[in-house]
Structures are given as C-alpha cells and as structure tokens.
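The structure appears right after this line, and notes come after that.
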Amino acid sequence: MSFDRSTGVSLLTDLYQITMAYGYWKNGLDRREGVFHATFRSNPFGAGYTIAAGLGLVVDHLRDFRFTEDEIAWLATLNGGTKGPLFEREFLEVLRGLRLECDVDAIPEGTVVFPNEPLVRVRGPLMQAQLVETALLNLVNFQSLIATKASRVVIAAQGDPVIEFGLRRAQGPDGGVSASRASFVGGCAATSNVLAGKLYGIPVRGTHAHSWVMAFESEIEAFEAFAKALPDNCIFLVDTYDTLQGVRNAVEVGRRLRERGSEMVGIRLDSGDLAYLSIEARKILDESGFPDAKILASNDLDEWIITSLKQQGAKIDLWGVGTRLATAYDQPALGGVYKLAALRNDLGSWEYRIKLSEQTAKISVPGVLQVRRFRRNGADLGDMIFDELAPPDPAERLIIDPLDPTRQKRFDESATWEDLLVPIFRGGELVYRVPPLEESRERTLGELDSLHPTTRRFVNPHVYPVGLARNLHELRTRLVLEARGVAR
C-alpha cells in the first residue's frame with residue numbers, strides 16, 4: 001500500500017474539511033449536532049442498479065480515526081498567509097484529543113441500491129461529521145463503482161467463474177488492492193492479486209505468462225517444465241506463437257501429466273478471435289481425451305464482449321477480466337456526494353437543511369433519512385426514502401419520484417418491507433459485525449437474483465421505482481419554495 005495506516009488516517013481528507021472544522025470551532029459550532037448523508041445521483045455504466053460496497057473499509061477508517069502527534073505537528077507547519085500559521089495552537093490541541101462520537105448507519109455491502117438513497121448516514125458533532133466526509137466518499141464511491149462493474153461482468157458470464165486480473169493496470173497499489181476487494185464483493189470468484197488475497201481472504205489464481213514460454217527453446221519444452229514444477233496447477237497459455245498448435249502441445253504435455261498421476265486443468269486464450277479459437281480448442285481437447293479441461297479467456301474483456309462471445313457460441317469456461325474491470329474503464333467515477341440534511345438549533349430542536357440547484361437532480365433531500373424496501377415473494381418492488389424524525393405510518397405505502405412528482409407508485413398490503421440502513425457506530429463505538437467478504441459477495445448474488453431481469457439488463461434497463469414518502473415530499477417542496485422566496 002502507498003501509505004501506512006499505523007501512522008494515522010485522519011489526513012486522508014481535503015484541506016477544506018479541516019478549514020471548515022476550524023471555522024466551526026472558532027464560531028462555537030463544533031459541538032452542534034448535525035446529520036449528513038452520502039448519496040449518489042445516477043447509476044454508473046448506464047446500469048439499472050448499483051452495488052453498495054466499501055462499508056468494511058469505512059468501519060476500519062472510522063474505528064482508527066484520530067490525529068496522531070506526527071499529523072498534528074505537520075498541520076502546525078501550514079501557513080495561513082502573512083499573519084502566521086493557518087491553525088491556532090488551541091485548535092490543534094482539540095484535534096489531538098478528538099475521538100469519534102458519531103452515530104453512523106449504513107446499507108450493508110452487497111446490497112443493491114439506487115440514486116438518491118443514502119448509503120451512509122452520519123449523525124453527531126458537526127466538526128466530526130464534516131471531517132470524515134472525504135475519506136468516506138473516497139471509500140464508498142470507488143468500491144461501489146467497481147463492485148457494480150464486477151456484477152455486470154458476472155451477469156454476462158452466466159454462471160461461469162470470473163477472475164479479476166486487473167492489478168498491473170490499476171491506478172496504483174491502493175487502486176489495485178481496492179479494485180480486487182470490490183470485484184470480489186461484486187461477484188468475482190477469485191483474483192490474481194496476491195496482496196488482496198492475503199488482506200481480504202479472496203481466493204487467488206494464476207498460471208504463467210508469455211515470458212515463461214519465451215524463456216525456453218520451444219513451447220512444448222516450456223509447458224513440460226511448468227508441468228514438472230506445478231503438476232496440479234497446469235493451465236497452459238497457448239497463444240505465444242500459434243494458438244491451435246499451442247493447444248495440441250498442451251494436450252501432449254497433458255498426456256504426460258496424466259501418466260504421472262496428475263491432470264491438466266486447462267488452457268488459456270489471451271488473443272485473437274476468442275469465439276473461433278475457443279470452439280476449435282474445445283474440439284481438440286475433447287477429441288484428445290480431455291473433455292474436463294477448462295478454457296480460460298482473457299484479453300481486454302468486459303460485460304459487452306463476454307455477452308457477444310456467449311452469443312457467438314464461444315466455448316469458454318472461465319473469464320479473466322482485468323483492465324476494464326479494475327479501472328472502471330468506461331466510467332471512472334461514481335458521483336457520490338455528502339450533504340448536510342438536518343441541524344440542531346440552540347434550543348435543541350432539529351432544523352432541516354436543503355441544498356438548492358437549477359438542476360432538479362441536485363436538490364438535496366432534508367431529514368434523518370432511511371430507506372424502506374418493499375418486496376413480494378422475494379422480489380424487490382420499490383424503495384421509499386423517509387425521514388426518521390417524522391416516519392410515515394406503516395400503512396403509508398405511496399412513493400413520489402423526487403425528479404417528477406407526477407410519477408407515483410403505491411405498494412399494496414401484500415408487500416412486506418425492510419429498512420435498509422443499519423446501525424454501525426453508536427457514540428463512536430462499533431456496534432456492527434462486519435461480515436466476511438465472502439458473505440458480502442453472496443449477498444450481492446442474492447440481491448441481483450431478487451431484481452427483475454429488466455432492471456439487470458445492459459441496454460435501456462427498466463427504472464426501478466424509488467421515491468419519497470408523501471410527507472417527506474411535501475416537506476422538501478415547502479423548503480424549496482421557502483428558500484426561493486415563493487409564497488404558498
């Protein structure tokens with residue numbers, strides 16, 4: 001990793017978070033209680049859904065949140081201009097003794113989520129809730145982005161195992177390890193990334209590269225040497241010189257392996273017409289007595305290419321997906337935001353806060369928000385966003401689209417519901433059991449199964465119903481009109 005967490009994590013932030021914290025302190029607002037939500041405005045990749053991910057990393061960050069002596073000393077060196085240091089010594093002493101006191105609620109990793117829904121809710125002293133913004137968004141945005149991309153690749157593979165191969169072209173060591181983690185949450189079966197395997201318990205897979213073959217006088221000699229070194233892990237890369245001849249060479253070495261009591265696992269295709277080559281390779285393997293040998297394909301794959309290869313009848317059993325997965329090649333960022341939604345006043349009462357915009361999609365939602373998911377017979381029907389300060393009656397089942405109030409949906413009495421945000425921290429103390437990553441992966445796969453196929457499809461996916469509870473819609477509308485000076 002590019003930084004050592006043992007030296008502190010609190011400087012993983014933008015400077016303006018610390019300058020705002022300083023401003024809150026100077027104005028006596030640092031202890032004022034506020035509520036923030038981390039949300040996003042649109043699904044990535046043109047998808048009909050997003051996979052919530054990164055909560056485990058958020059827990060690690062918040063549990064370790066404190067300013068170390070080294071960090072305090074460095075902040076003291078920042079210059080505020082001609083009048084000396086940027087921060088007063090008294091403020092730095094406050095940071096030195098700072099410990100998280102916030103309540104944090106979040107949607108578990110592997111849950112299918114949608115635009116405008118809070119993935120994380122932070123409630124606590126204004127200064128603390130502000131200071132955690134940047135790291136929280138960094139962790140949740142990237143992990144959710146990659147997990148969503150991985151889920152689409154897994155859907156395209158139609159049950160075939162997908163192995164994440166992206167470390168060499170990922171955005172640095174942190175990006176590579178983070179992408180491997182998120183890809184596993186999104187449904188990948190394994191990774192080539194050994195460090196991610198050690199850190200997160202992800203199964204690791206790998207064989208050899210073209211350089212191995214080129215290091216020997218002949219391809220068959222290279223395969224034989226590899227078989228001697230790793231007789232029970234032989235997936236031979238066959239396209240260094242002539243792909244189909246490479247398959248025949250793999251078969252010859254496979255026969256020798258079998259005579260020694262081992263079995264060739266399969267072959268890997270990394271270039272060329274993967275549909276044609278896999279079909280022809282399958283014929284050679286089957287006719288040569290290796291019907292169980294697997295064909296692994298790589299080479300700049302993504303959900304679109306895998307879908308096309310499936311439609312062409314490609315005989316591929318495993319998919320190695322690297323660059324286009326680990327880098328979120330076709331959309332490099334999830335537009336997650338972190339907005340203040342409520343603030344206690346001097347009398348201890350809650351006051352709602354709302355951010356306006358000329359773009360309707362950027363108008364925030366006030367309140368202490370929760371998401372209620374309605375289901376019937378295991379299928380997801382739609383989600384209601386509501387305010388816990390004024391929760392709807394359990395019989396209230398109407399949702400109103402925040403972008404178009406004429407779009408409304410009512411769930412009938414046969415639908416059950418579940419509130420998605422669960423307690424993570426209370427008063428800064430961890431109260432949540434962070435599940436093993438395999439459990440989050442299984443959650444993703446189950447959540448995808450509960451979505452209607454039209455929402456999972458890649459082209460023009462069906463828009464999953466998400467709306468505000470009636471009273472929250474009315475509150476938001478009133479606050480917008482008041483802020484714009486429109487009489488009601």
Side-chain angles (χ1 to χ4, degrees), residues 14-17 19-42 114-134 136-137 335-372 383-393 396 398-410 421 463 465-488:
D14 295 301
L15 179 61
Y16 78 80
Q17 307 291 7
T19 57
M20 282 192 290
Y22 179 57
Y24 292 141
W25 175 76
K26 286 286 286 184
N27 287 277
L29 298 174
D30 53 309
R31 300 295 303 175
R32 183 73 58 88
E33 187 177 11
V35 176
F36 291 78
H37 301 102
T39 64
F40 64 99
R41 296 186 178 119
S42 61
F114 302 92
N116 302 307
E117 297 180 342
L119 305 187
V120 183
R121 185 180 77 203
V122 180
R123 172 176 172 172
L126 188 57
M127 186 174 77
Q128 295 184 24
Q130 190 75 68
L131 283 170
V132 301
E133 173 184 355
T134 297
L136 190 153
L137 286 177
V337 296
Y338 186 82
K339 299 300 180 185
L340 177 66
L343 191 66
R344 282 199 191 273
N345 60 26
D346 291 334
L347 300 177
S349 300
W350 283 105
E351 293 181 353
Y352 293 104
R353 291 291 188 266
I354 190 166
K355 175 196 174 293
L356 298 189
S357 172
E358 295 301 315
Q359 297 172 258
T360 304
K362 290 190 174 184
I363 298 176
S364 65
V365 180
V368 180
L369 303 181
Q370 174 63 275
V371 181
R372 181 163 293 173
D383 293 355
M384 172 192 287
I385 303 171
F386 68 92
D387 175 20
E388 287 190 348
L389 297 178
D393 186 282
E396 176 62 66
L398 177 72
I399 61 173
I400 301 173
D401 190 323
L403 302 182
D404 180 1
T406 66
R407 290 174 57 87
Q408 303 182 7
K409 183 178 181 65
R410 188 183 301 276
L421 283 97
V463 178
V466 176
L468 307 182
R470 186 202 303 271
N471 61 342
L472 181 56
H473 164 73
E474 292 171 350
L475 168 67
R476 183 175 184 246
T477 301
R478 175 173 60 81
L479 292 176
V480 170
L481 293 175
E482 289 176 355
R484 288 177 172 166
V486 179
R488 296 206 63 190

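All heavy atoms count here, side chains included; hydrogens, waters and symmetry mates do not.
Residues Y352 and L479 come closest through the heavy atom pair CB-CD1, 3.7 Å. Shown here for L343 and E33, the closest heavy-atom pair between the two residues is CD1-O, 3.3 Å. For L398 against M384, the heavy-atom pair with the smallest separation is O-CE, 3.6 Å. Minimum heavy-atom separation, V120 to L136: CG1-CD1, 3.8 Å. Annotation for A21 and L131: closest pair CB-CD2, 3.8 Å, computed over non-hydrogen atoms. V466 and P402 make their closest contact through O-CD, 3.8 Å (heavy atoms, listed as atom of the first residue, atom of the second, distance).
Listed for the D383 side chain is no donor-acceptor partner under 3.5 Å among the backbone atoms of F114. Of the possible polar contacts, one joining the R476 side chain to the I363 backbone as a donor-acceptor pair under 3.5 Å is found. Using a distance-only test at 3.5 Å, with no hydrogens or angles considered, no donor-acceptor pair links the side chain of D14 to the main chain of Y16. In this structure, the side chain of N345 engages the main chain of L347 through a donor-acceptor pair within 3.5 Å.
Considering NZ of K409 and CG of D401, their distance stands at 12.5 Å, rounded to 0.5 Å. M20 CE to L126 CG: the interatomic distance, rounded to the nearest 0.5 Å, is 9.0 Å. Atom CZ of R407 sits about 13.0 Å away from atom CD1 of I400, to the nearest 0.5 Å. Interatomic distance, Q130 CD to T19 OG1, rounded to the nearest 0.5 Å: 9.0 Å. Rounding to the nearest 0.5 angstrom, the gap separating the CD atom in E351 from the CG atom in D346 is 8.5 Å. Remark: L468 CG to L403 CG distance equals 9.0 Å, nearest 0.5 Å.
Judged by the 6.0 Å distance and 45° axis criteria, R32 is not positioned over the aromatic ring of Y24.
At a threshold of 4.5 Å between non-hydrogen side-chain atoms, the residues E117 and H37 do not count as touching. Contact of the L369 side chain with the L472 side chain is registered, since non-hydrogen atoms from C-beta on lie closer than 4.5 Å. By the 4.5 Å heavy-atom criterion applied to side chains, D30 and P125 are not counted as neighbours.
Remark: D404 engages no residue in a salt bridge (charged side-chain N to carboxylate O under 4.0 Å, His left out) (not counting sequence neighbours).
In R41, the CZ atom is crowded: over 12 heavy atoms of neighbouring residues, nucleotides or ligands sit closer than 6.0 Å.
Looking at R121 and E388, a side-chain N of the basic residue comes within less than 4.0 Å of a carboxylate O on the acidic one, giving a salt bridge.
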(request) Evaluate side chain to side chain contact (heavy atoms under 4.5 Å, CB included) for E133 paired with K339, printing each intermediate quantity in order. (result) CA-CA 9 Å; E133 173 184 355; K339 299 300 180 185; over 6 Å; no
(request) Begin from the C-alpha positions of V35 and W350 and carry the test side chain to side chain contact (heavy atoms under 4.5 Å, CB included) through to its verdict. (result) CA-CA 10 Å; V35 176; W350 283 105; 3.6 Å; yes
(request) Assess whether side chain to side chain contact (heavy atoms under 4.5 Å, CB included) is satisfied between T39 and V337, documenting all intermediate values. (result) CA-CA 5 Å; T39 64; V337 296; 3.4 Å; yes
